[in-house]
Amino acid sequence: MEAAEQVSVPRDMGGGASRRLRERLIEAALALAAGSSVFVLLGIFGVLLVNGVQAFGTGDGVSLANLSADERAMLSEAELAELGRHTEHAPSVGADFLFSSHWNPTSSVTAAYGVLGMVVSTLIVTLLAIAIAAPVGVGVAAWLAYVAPPRAREILKPILEMLAAIPSVVVGFIGIVFVGPLIARVFGLGNGLNALNGAVLLAVMALPTIISISEDAIRAVPKDYVQASLALGADRWQTLVRVVLPAGASGILAAVMLGMGRAIGETMTVLMATGNAVAMPGSIFDSVRTLTATIAIELGEVPQGSRHYHLLFAVGLVLFVMTFVVNLVSDMVLRRGAPRPS
Amino acid sequence: MTLRERIGFTTLAAATGALVLLVFALLTYIVSGGASVLSWEFLSQSPRAGMTEGGIFPALLGTFLLTILTAVSSVPVGIAAAIYLVEYAREGTFIRLVRLSIRNLSGVPSVVYGLFGVGLFVHALDLGISILASGLTLGLLTLPTTITASEEALKAVPRSYRDGALALGATRWEAIQTNVLPAAAPGILTGVILGLSRAAGETAPILFTGVAFSLPKLPTGLGDQFMALPYHLYILSTQHHDIVRVRPIAFATATVLIGLVAVLNLTATYLRARARSRMHA
């Protein structure tokens with residue numbers, strides 16, 4: 001590459017002071033750009049928090065007290081009376097938010113604001129997905145890293161990476177038209193839009209992450225370990241299972257947790273594939289509605305500034321905290337456990 | 001080879017083979033489902049008769065425009081951040097914080113970006129439900145990918161490129177501008193395209209910030225709503241009043257979406273391969 005090999009010299013080499021100033025300004029601008037990632041993360045947390053906390057306490061944001069004089073003048077006697085009753089009946093939101101599984105935020109009579117059912121649904125779908133994806137993913141990673149000839153690996157890896165490129169809405173579509181009906185037929189159900197369907201699809205989506213990071217972890221295990229094990233008379237399978245995988249365990253665990261973080265936050269796939277019944281799920285064949293699906297379904301219908309609107313930000317906050325913790329832990333595991341050559 | 005080894009390794013190979021087959025099976029299934037509808041008219045015409053006929057042109061155009069907005073709002077900041085991290089930063093609290101933020105941002109669920117977009121762009125900044133609000137939201141979503149990919153590309157430029165320029169009296173920025181960036185450009189472009197291909201397929205972040213089910217006219221300004229391919233597929237497969245009848249159109253829309261993402265990914269892969277062979281030539 002010509003441009004790269006010949007070192008080009010800037011034309012304007014004079015003006016020391018202004019050049020230094022320019023350098024300073026450029027460096028400051030670049031530092032600001034780098035710092036923007038911190039602002040964005042804090043901004044996301046801030047927007048969720050500021051909007052989310054407004055859901056708590058009594059009243060639902062729509063009450064006589066916070067109407068302006070103009071707005072009050074526009075309402076009829078009957079509407080004002082209705083609004084007064086409404087304010088009285090809206091229950092307060094407190095600890096129930098996390099510990100109740102009744103979610104019915106639009107009802108004016110029996111309004112309930114508990115997200116426990118969605119948290120449990122999210123966890124069931126996610127854990128089931130990981131239970132499917134982890135053994136398959138680690139197995140494939142082990143084969144690619146430990147057994148496969150280099151040429152096969154070079155060809156197969158990009159094909160498997162294509163799985164990661166399929167948009168989640170397409171995966172959800174496959175759940176509706178293919179996987180769901182298949183599950184319904186195999187298990188003799190009325191329809192296949194349930195937790196299992198979501199889990200199977202999320203497993204497929206988590207696989208590329210799990211495979212790619214586990215493969216790195218397995219390849220990072222020093223060759224000495226393998227040779228020492230073989231020299232002691234172990235065969236190659238024993239060496240893989242008893243030496244290589246345990247040595248790469250922390251990287252593999254981090255891979256699985258990262259896959260789990262993805263699965264918790266996945267929206268369109270579960271929204272389309274799990275049926276979205278709001279209830280505490282009893283089995284993997286129940287229709288479930290996850291945290292992400294709830295936001296996606298309801299945010300379009302709520303008036304801005306209402307309690308329901310703020311509640312959805314609170315749901316987002318729960319989701320944010322869950323993924324944040326999972327990602328942070330996987331990050332720590334990955335950092336602490338990277339095998340060092342001795 | 002012992003029997004145990006044979007059984008074990010055969011199982012692993014079978015799992016890998018099955019997964020590769022699954023990829024091809026899924027793609028074939030989608031494409032063959034939409035083949036009967038796919039045509040030039042499907043790409044170039046608007047939907048007709050309540051989306052039961054006609055094409056997907058407005059959704060295709062919307063996704064194209066949205067992707068451009070996403071690029072404009074995230075690529076300059078992302079590259080600048082990467083330049084700082086690779087060329088200037090000295091390890092310290094600030095840099096640790098930045099790196100921690102980038103890693104965590106890439107794990108934030110896309111629907112949470114959507115909530116953020118609604119809270120900040122649509123309401124607080126009063127941009128309304130618009131293609132601008134959606135573009136900015138997706139721009140933030142792509143930011144970590146752009147930064148990470150650009151960092152990789154910059155790190156791959158040999159030290160001698162910088163030293164050469166610095167030895168001739170160039171300042172640090174001049175060395176970056178004239179020697180480092182041109183050499184890193186193909187790698188950066190690869191990462192940018194991969195990030196954009198992911199953004200183009202996203203639905204949750206645009207759901208409440210700007211996308212519309214059906215619009216009588218094409219968007220003409222930043223404040224307009226728009227149609228988009230992923231959302232179009234969502235509507236056709238879950239919300240349409242005659243889901244069975246529009247199923248072939250849904251398959252074809254999925255095919256176009258996959259095709260778009262595949263073209264972007266292949267372009268990125270090609271650029272990366274070419275850049276690699278040049279850097280080592």
Side-chain angles (χ1 to χ4, degrees), chain A residues 1 3-4 7-10 13 19 23 26-27 29-31 33-38 40-41 44 47-48 51 136 139-140 142-144 147 156 159-160 162-163 165-167 169-170 173-174 176 178 235-237 261 265 267-268 272 292 295-296 299-300 304 313 316 319-320 323-324 327 331, chain B residues 2 4-5 8-9 12-13 15-16 19-20 23 26 29 77 80-81 83-85 88 97-98 101-105 107-112 115-116 119-120 123 140 164-165 168-174 178-179 182-183 201 203-204 207-208 230 233-234 237-238 250 254 257-258 261 265 278:
Chain A
M1 183 172 165
V7 175
S8 35
V9 184
M13 297 284 283
R19 253 175 108 206
E23 284 290 311
I26 288 170
E27 184 172 344
L30 295 174
S36 68
S37 56
V38 183
V40 174
L41 188 66
I44 290 176
V47 165
L48 293 178
N51 282 290
V136 178
V140 171
W143 191 78
L144 287 173
V147 188
L156 294 181
I159 296 176
L160 295 178
M162 277 162 60
L163 266 185
I166 300 179
V169 69
V170 175
F173 180 64
I174 292 169
I176 291 175
F178 181 70
D235 64 30
R236 290 193 31 91
W237 177 256
T267 307
M268 296 316 287
M272 293 164 81
T292 50
I295 298 172
L299 190 59
Q304 187 224 339
F313 280 83
L319 190 61
F320 180 84
T323 50
F324 188 86
N327 288 322
D331 204 52
Chain B
T2 64
R4 179 170 53 203
E5 285 177 296
F9 291 135
L12 295 186
T16 311
L19 199 54
V20 170
V23 176
L26 286 181
Y29 179 68
V77 180
I83 293 175
Y84 187 80
L85 289 173
Y88 289 86
L97 206 60
V98 168
S101 300
I102 294 170
R103 279 201 304 276
N104 276 300
L105 277 178
V108 171
S110 58
V111 73
V112 170
L115 274 174
F116 178 63
L120 183 70
H123 293 313
L140 294 182
L168 289 173
T171 62
R172 200 190 291 208
W173 172 248
E174 285 159 353
T178 55
N179 286 12
T203 316
L207 212 47
F208 313 109
L233 174 58
Y234 170 65
S237 55
T238 64
L257 186 54
I258 290 180
V261 170
N265 275 273
R278 277 194 181 184

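We name chains A, B, ... by the order of the sequence lines, and we start the count at 1 in each one.
Using a 4.5 Å cut-off between heavy atoms, B:Phe208 touches chain A through its side chain atoms alone. Within the 4.5 angstrom heavy-atom criterion, atoms from both the backbone and the side chain of A:Leu299 approach chain B. Within the 4.5 angstrom heavy-atom criterion, only side-chain atoms of B:Val261, from C-beta onward, approach chain A. Contact of A:Ile174 with chain B is made through the side chain alone, with heavy-atom distances under 4.5 Å. Residue A:Leu48 touches chain B through its side chain alone, counting heavy-atom pairs closer than 4.5 Å. Heavy atoms of B:Leu140 lying under 4.5 Å from chain A belong exclusively to its side chain. For B:Ser237, the parts sitting under 4.5 Å from any heavy atom of chain A are the backbone and the side chain alike. Contacts between B:Tyr88 and chain A at a heavy-atom distance below 4.5 Å involve the side chain alone, from C-beta outward. Contacts of B:Arg103 with chain A are made by side-chain atoms alone, with heavy-atom separations under 4.5 Å and no backbone atom involved. Interface remark: A:Ile176 contributes side-chain atoms only to the contact with chain B (heavy atom separation under 4.5 Å).
Chosen from A:Ser36, A:Ala296, A:Gly300, A:Ala142, the residue pairing most often with chain B at heavy-atom distances under 4.5 Å is A:Ala296. Residue with the most contacts toward chain A among B:Gly201, B:Ala254, B:Ser101: B:Ser101 (heavy-atom pairs, distance under 4.5 Å). Between chain B and the residues A:Ala31, A:Gly261, A:Gly265, the most heavy-atom pairs under 4.5 angstrom are made by A:Ala31.
Closest approach of A:Leu30 to B:Tyr84, counting heavy atoms only: O-CB, 3.5 Å. Among all heavy-atom pairs drawn from A:Arg236 and B:Glu5, the shortest one is N-OE2, 2.7 Å. The two atoms that bring B:Leu105 and A:Val40 nearest to each other are CD2-CG1, 3.9 Å, heavy atoms only. Nearest heavy atom pair, residue B:Val98 against residue A:Gly35, reads CG2-CA, 4.3 Å. Here the closest heavy-atom approach between residue A:Ala165 and residue B:Asn265 is recorded as CB-ND2, 3.8 Å.
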Would you please test B:Leu26 and A:Val170 for side chain to side chain contact (heavy atoms under 4.5 Å, CB included) and show each step? CA-CA 10 Å; B:Leu26 286 181; A:Val170 175; over 6 Å; no

From CA spacing to verdict: side chain to side chain contact (heavy atoms under 4.5 Å, CB included), B:Leu19, A:Leu160: CA-CA 8 Å; B:Leu19 199 54; A:Leu160 295 178; 3.8 Å; yes

Please test A:Thr267 against B:Leu207 for side chain to side chain contact (heavy atoms under 4.5 Å, CB included), starting from the C-alpha separation and ending with a verdict. CA-CA 11 Å; A:Thr267 307; B:Leu207 212 47; 5.9 Å; no

Step by step, would you call A:Trp237 with B:Thr2 a side chain to side chain contact (heavy atoms under 4.5 Å, CB included)? CA-CA 9 Å; A:Trp237 177 256; B:Thr2 64; 5.9 Å; no

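Distance check: B:Thr203 OG1 to A:Met272 CE gives 8.0 Å after rounding to the nearest 0.5 Å. Distance check: B:Leu257 CG to A:Phe173 CZ gives 11.0 Å after rounding to the nearest 0.5 Å. Atom-to-atom distance recorded for B:Thr171:OG1 and A:Ile26:CD1 is 7.0 Å, nearest 0.5 angstrom.
The number of heavy atoms from other shown groups lying within 6.0 Å of OH (B:Tyr29) is above 12.
Between A:Glu27 and B:Arg172 there is no salt bridge, since no side-chain N of the basic residue sits under 4.0 Å from a carboxylate O of the acidic one.
The side-chain heavy atoms of B:Leu115 and A:Phe320, taken from C-beta on, include no pair separated by under 4.5 Å. Residues B:Asn104 and A:Asp331 have side chains not in contact (no heavy-atom distance under 4.5 Å, counting atoms from C-beta outward).
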